[in-house]
Chemist: 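My questions all concern the structure below.
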Amino acid sequence: MIYFLGILISLAAGFLIIRLLTAGRLNLILHLLLALALGFGIDGTVAFYTHILFNQFNRWIPVGIVVMGIVLLQTLRPVSLRSKRSHLLKEIASSLKNASRNDTIGGLLILGILAIPLAISGHYFPLGGWDAWSCWNLKAKFIFLGQENWKDLLSPGLWRSNTHYPLLWPLINVWFWDLGGSFEQAVPMLNSIVFALLTAGILLFGLLELTGLLWPSIAAAVLVTALPFGVTLYSSQYSDALLGLFLLSAFITWLLAEKHNLPKLKILSVIFLGLMSFTKNEGLMAAAICALALFWHGRSNKKELKPLIIAFFIALLPTIIFTLFMAPKNEAFINGLASTDKPTNLARLSVILAYPWFEFISGKWNGFWLLALGGILLAGKKLWQSTLGVIGVSLVLYLVIVMVYYDINTFFEISWWLSTTLSRILFALIPTITLWIALALIAKPQRLSK
């Protein structure tokens, strides 16, 4: 019950912020889904500033800050809503009543069905995968149980736990433990299931809002969430799932802002990118690429661009502070361009260029990448027009830089490294790739225009 109270608090915080940005003009179900995703990011950010930056370990401080924020946000109602003397819960209930259309009910039913394999996997896999034990959940335990001794998690001897990685997922778990007052192993597992369902829901209802087509939207959500390998990775409790959620949310909100002429909603898009940067180092790389691409895309409106840049850097601030002033040296890095003991070479580059093609046809993906290739060929130049082009360029640049890093960092044997990490990098991109291809195939240009 305490966990679900935390969900409600997170949902309320995110809901009120999005209401400020949209004046209640966003589809309610999508509003709620994006609100919870944002609420999780707020929880982790507040936990960072209290536990990590200021070493305050009274459990009520991070919880109280979020609750106080909700109270403050409730007083800052948009002008268009101030004449309505309804409380937040009444607004939601009224909107839900008006949203009882067949497509909404059908979409929610699909999410309920998708929750079943996720719940089963979580039940039989409660501790997650190897990196959950040795990295993400270990860090959360250090912060919550070690309190003022949390910095021990940055010790050089724990380098195999990726001590230099950002801390958003661990801090989200810590916030929920603060609320409950004790360590509960079920929290990371429940969060992993919620992240998966949020990804499916935002993709489904985002596509539905952008295209008006229910069944293609359902097909996209099922394709992303019901992959057996994807279910395994979601229940593994890796930060890749959180990266994928925020990346999808960022592009969905930008597209919705353009469709509904809601320029302030673009602020939410760059906030999601800033939050994504604190998930893992790859998240920082992806956030920088996507933010620069979106800023370039919107460069003609300089008045609109300034608040976007400010919002991005505010959301990016925990990453900047941790990376520059707290994170230890990456002990698992050797610069192959400068090293004489382990230099990069043509053989390594050949493996890097060849391995992804074998990954794409691997049976664990159940033909997803072949289907994606077919969609890319059918969509053609539509994939590279307007905002869809921004998404495409961002994805390509991100993957190119990842491959370059594989080549430069010669610490690990390359075949082993690719076999253990590339699938997770691709997994995080699947929701956004599906959105990108689906919109190019099924959306009419006018439905995506301003």
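Side chains included, hydrogens not; waters and symmetry mates left out as well; all remaining heavy atoms used.
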Chemist: Side chain to side chain contact (heavy atoms under 4.5 Å, CB included) for L426 and W369? Distances and angles first, verdict last.
Modeler: CA-CA 10 Å; L426 294 173; W369 295 108; 3.7 Å; yes
Chemist: Are the side chains of S10 and V66 in touch, meaning some heavy atoms are under 4.5 Å apart?
Modeler: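 When only atoms from C-beta onward are counted, V66 and S10 do not touch, as no gap falls below 4.5 Å.
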Chemist: Taking S339 for the side chain and D341 for the main chain, is one N or O donor matched with an acceptor at less than 3.5 Å?
Modeler: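 Yes; judged by distance alone, with no hydrogens or angles, the pair exists.
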Chemist: Do the side chains of I120 and F125 get nearer than 4.5 Å, heavy atoms only?
Modeler: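 No. Closest side-chain heavy atoms not under 4.5 Å.
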Chemist: Just to verify, which of F246, Y238, F195 counts as forming a ring-ring contact (aromatic ring centres under 6.0 Å, His included) with W169?
Modeler: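 Exactly one option meets the ring-ring contact (aromatic ring centres under 6.0 Å, His included) with W169, and it is F195.
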Chemist: Spell out, as yes or no, whether a donor-acceptor pair under 3.5 Å connects the side chain of S121 to the backbone of P117.
Modeler: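 No; judged by distance alone, with no hydrogens or angles, the pair does not exist.
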Chemist: Considering non-hydrogen atoms only, spot the tightest contact between T410 and P343 and give its length.
Modeler: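 Closest approach of T410 to P343, heavy atoms only: CG2-C, 4.1 Å.
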Chemist: Taking atom OH as the centre, does Y405 end up with more than 12 heavy-atom neighbours from other residues, nucleotides or ligands that are less than 6.0 angstrom away?
Modeler: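 Atom OH in Y405 is crowded, with more than 12 foreign heavy atoms closer than 6.0 Å.
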Chemist: Side chain of T387, backbone of L255: donor and acceptor closer than 3.5 Å?
Modeler: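 Not confirmed, T387 side chain does not pair with L255 backbone.
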Chemist: If you take the centroid of each ring, where Trp contributes its six-membered ring, are W150 and F142 closer together than 6.0 Å?
Modeler: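 Not close enough - the centres of the two rings lie 6.0 Å or further apart.
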Chemist: Can you find a heavy atom in the side chain of L388 that is under 4.5 Å from one in the side chain of L383?
Modeler: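 No, too far: nothing below the 4.5 Å cut-off.
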Chemist: Under a plain distance cut-off of 3.5 Å, with no hydrogens placed, do N409 and N335 share a side-chain donor-acceptor pair?
Modeler: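 There is no such pair (donor and acceptor under 3.5 Å, judged by atom type) between the side chains of N335 and N409.
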Chemist: For N162, does its backbone N or O pair with a side-chain atom of K139 as donor and acceptor, under 3.5 Å?
Modeler: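 Looks like yes, one N/O pair under 3.5 Å.
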Chemist: To the nearest 0.5 Å, what is the distance between CG (L284) and OG1 (T279)?
Modeler: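 Separation between the atoms: 9.0 Å.
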Chemist: Once rounded to the nearest 0.5 Å, what's the spacing between atom CG of N137 and atom OG of S192?
Modeler: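 OG of S192 is found 9.0 Å from CG of N137.
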Chemist: Using 30° and 60° as the class boundaries, would you call the ring planes of W416 and F412 parallel, tilted or perpendicular?
Modeler: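 Taking F412 first and then W416, their aromatic rings sit tilted (interplane angle of 30° to 60°).
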Chemist: Between F40 and F176, is the gap from one ring center to the other below 6.0 Å?
Modeler: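 Between F176 and F40, which both carry aromatic rings, the centre distance is below 6.0 Å.
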Chemist: Taking atom CD1 of I42 and atom CD1 of I271, what is their separation to the nearest 0.5 Å?
Modeler: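 So the gap between those two atoms works out to 8.0 Å.
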Chemist: Under a 3.5 Å distance rule, please check whether W384 uses its side chain to pair with a backbone N or O of G392 as donor and acceptor.
Modeler: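 A pair under 3.5 Å: no.
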Chemist: How far does CG of L179 sit from CG of D43, to the nearest 0.5 angstrom?
Modeler: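 It comes to 9.0 Å.
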Chemist: Give a yes or no answer on whether the side chain of S277 reaches the backbone of T319 with a donor-acceptor pair at less than 3.5 Å.
Modeler: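 It does not hold such a pair.
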Chemist: For L294, does its backbone N or O pair with a side-chain atom of W254 as donor and acceptor, under 3.5 Å?
Modeler: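 Flag not set: sc W254 to bb L294 has no pair under 3.5 Å.
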Chemist: If you look only at pairs with a residue in residues 413-438, which of them pass as a salt bridge (Lys or Arg N to Asp or Glu O under 4.0 Å), with sequence neighbours excluded?
Modeler: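 Applying salt bridge (Lys or Arg N to Asp or Glu O under 4.0 Å) to every pair that reaches into residues 413-438, excluding sequence neighbours, yields D131-R424, D240-R424.
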Chemist: Please find the pair of heavy atoms, one from G375 and one from L441, that lie closest to each other, and give the distance.
Modeler: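 So the two residues come closest at O-CD2, 3.8 Å.
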Chemist: Apply side chain to side chain contact (heavy atoms under 4.5 Å, CB included) to residues L337 and T344 and explain how you reach the verdict.
Modeler: CA-CA 6 Å; L337 298 177; T344 187; 3.8 Å; yes
Chemist: State, to 0.1 Å, how close G128 and W133 come at their nearest heavy-atom pair, and which atoms those are.
Modeler: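 It is O-NE1, 3.0 Å.
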Chemist: Going by salt bridge (Lys or Arg N to Asp or Glu O under 4.0 Å), name the pairs with one or both residues in residues 365-387, residues two or more places apart or in two chains.
Modeler: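 Non-adjacent pairs meeting salt bridge (Lys or Arg N to Asp or Glu O under 4.0 Å): zero.
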Chemist: Determine whether the aromatic ring centres of residues F411 and W159 are separated by less than 6.0 angstrom.
Modeler: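 Between W159 and F411, the centre distance is under 6.0 Å.
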Chemist: So, are K259 and E209 salt-bridged, with charged N and O less than 4.0 Å apart?
Modeler: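 Between E209 and K259 there is no salt bridge, as every charged N stays at least 4.0 Å from the carboxylate O atoms.
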Chemist: Does L208 reach the side chain of L214, with side-chain heavy atoms less than 4.5 Å apart?
Modeler: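 Sidechains of L214 and L208: in contact.
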Chemist: Have Y165 and S239 got a donor and an acceptor in their side chains that come within less than 3.5 Å?
Modeler: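 S239 and Y165 do not have a side-chain donor-acceptor pair below 3.5 Å.
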Chemist: Any donor-acceptor pair under 3.5 Å linking the side chain of S269 with the backbone of L265?
Modeler: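 Looks like no, no N/O pair under 3.5 Å.
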Chemist: For a side chain to side chain donor-acceptor pair (under 3.5 Å) with E304, tell me which candidate from K266, R299, K264 qualifies.
Modeler: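 Between E304 and the candidates, side chain to side chain donor-acceptor pair (under 3.5 Å) is satisfied uniquely by K266.
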Chemist: Nearest 0.5 Å, please: how far is CG in L190 from CD1 in I7?
Modeler: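 Rounded to the nearest 0.5 Å, the CD1-CG separation comes to 8.0 Å.
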Chemist: Quick one, W417 with V351, criterion side chain to side chain contact (heavy atoms under 4.5 Å, CB included). Give me CA distance, side-chain angles, the key distance, then yes/no.
Modeler: CA-CA 11 Å; W417 196 16; V351 173; over 6 Å; no
Chemist: Are F312 and L273 packed together at the side-chain level, in the sense that at least one heavy-atom pair is separated by less than 4.5 angstrom?
Modeler: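 Yes; the side chains approach each other to less than 4.5 Å.
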Chemist: Got a donor-acceptor contact below 3.5 angstrom from the Y355 side chain to the S350 backbone?
Modeler: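 Not at all, since once roles are kept as given, no pair shorter than 3.5 Å links the two residues.
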Chemist: How long is the straight-line distance from CH2 of W215 back to CD1 of I442, given to the nearest 0.5 Å?
Modeler: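 One finds 14.0 Å between CD1 of I442 and CH2 of W215.
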Chemist: Compare every heavy atom of L118 with every heavy atom of Y234, then report the nearest pair and how far apart it is.
Modeler: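 Smallest heavy-atom distance, with atoms named: CB-CD2, 4.0 Å.
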Chemist: So does A332 get a backbone contact from the side chain of N330, meaning a donor-acceptor N/O pair under 3.5 Å?
Modeler: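 It does hold such a pair.
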Chemist: Is any side-chain heavy atom of S134 less than 4.5 Å from a side-chain heavy atom of R160?
Modeler: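 The answer is no, as the side chains (C-beta and beyond) never meet within the 4.5 Å cut-off.
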Chemist: Please name the pair of heavy atoms, one in P431 and one in V224, separated by the smallest distance, quoted to 0.1 Å.
Modeler: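 Closest heavy-atom pair between P431 and V224: CG-CG1, 3.9 Å.
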Chemist: What heavy-atom pair brings V390 and A293 nearest, and what distance separates the two atoms?
Modeler: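 Looking at all heavy atoms of both residues, the closest pair is CG1-CB, 3.7 Å.
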Chemist: What I'd like to find out is whether the side chain of K329 reaches to under 4.5 Å of the side chain of H164, using heavy atoms alone.
Modeler: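 A side-chain contact is absent here, since even the closest heavy-atom pair is not under 4.5 Å.
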Chemist: Classify the ring geometry of F278 against F322: parallel below 30°, tilted from 30° to 60°, perpendicular beyond 60°.
Modeler: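 Judged by the thresholds at 30° and 60°, the geometry between F278 and F322 is perpendicular.
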Chemist: Please tell me if the side chains of L207 and P216 come closer than 4.5 Å, counting only heavy atoms from C-beta onward.
Modeler: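 No, every pair of side-chain atoms sits at 4.5 Å or beyond.
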Chemist: State yes or no: are the ring centers of W365 and F360 separated by less than 6.0 Å?
Modeler: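 They do not qualify: ring centres at least 6.0 Å apart.
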Chemist: Quick one: do N191 and Q237 satisfy side chain to side chain contact (heavy atoms under 4.5 Å, CB included)? Show the steps, please.
Modeler: CA-CA 8 Å; N191 280 341; Q237 302 169 26; over 6 Å; no
Chemist: With ring-ring contact (aromatic ring centres under 6.0 Å, His included) as the criterion, how do F427 and F229 come out once you've worked through the C-alpha distance, each side chain's angles and the decisive distance to 0.1 Å?
Modeler: CA-CA 9 Å; F427 160 74; F229 183 61; 7.4 Å; no
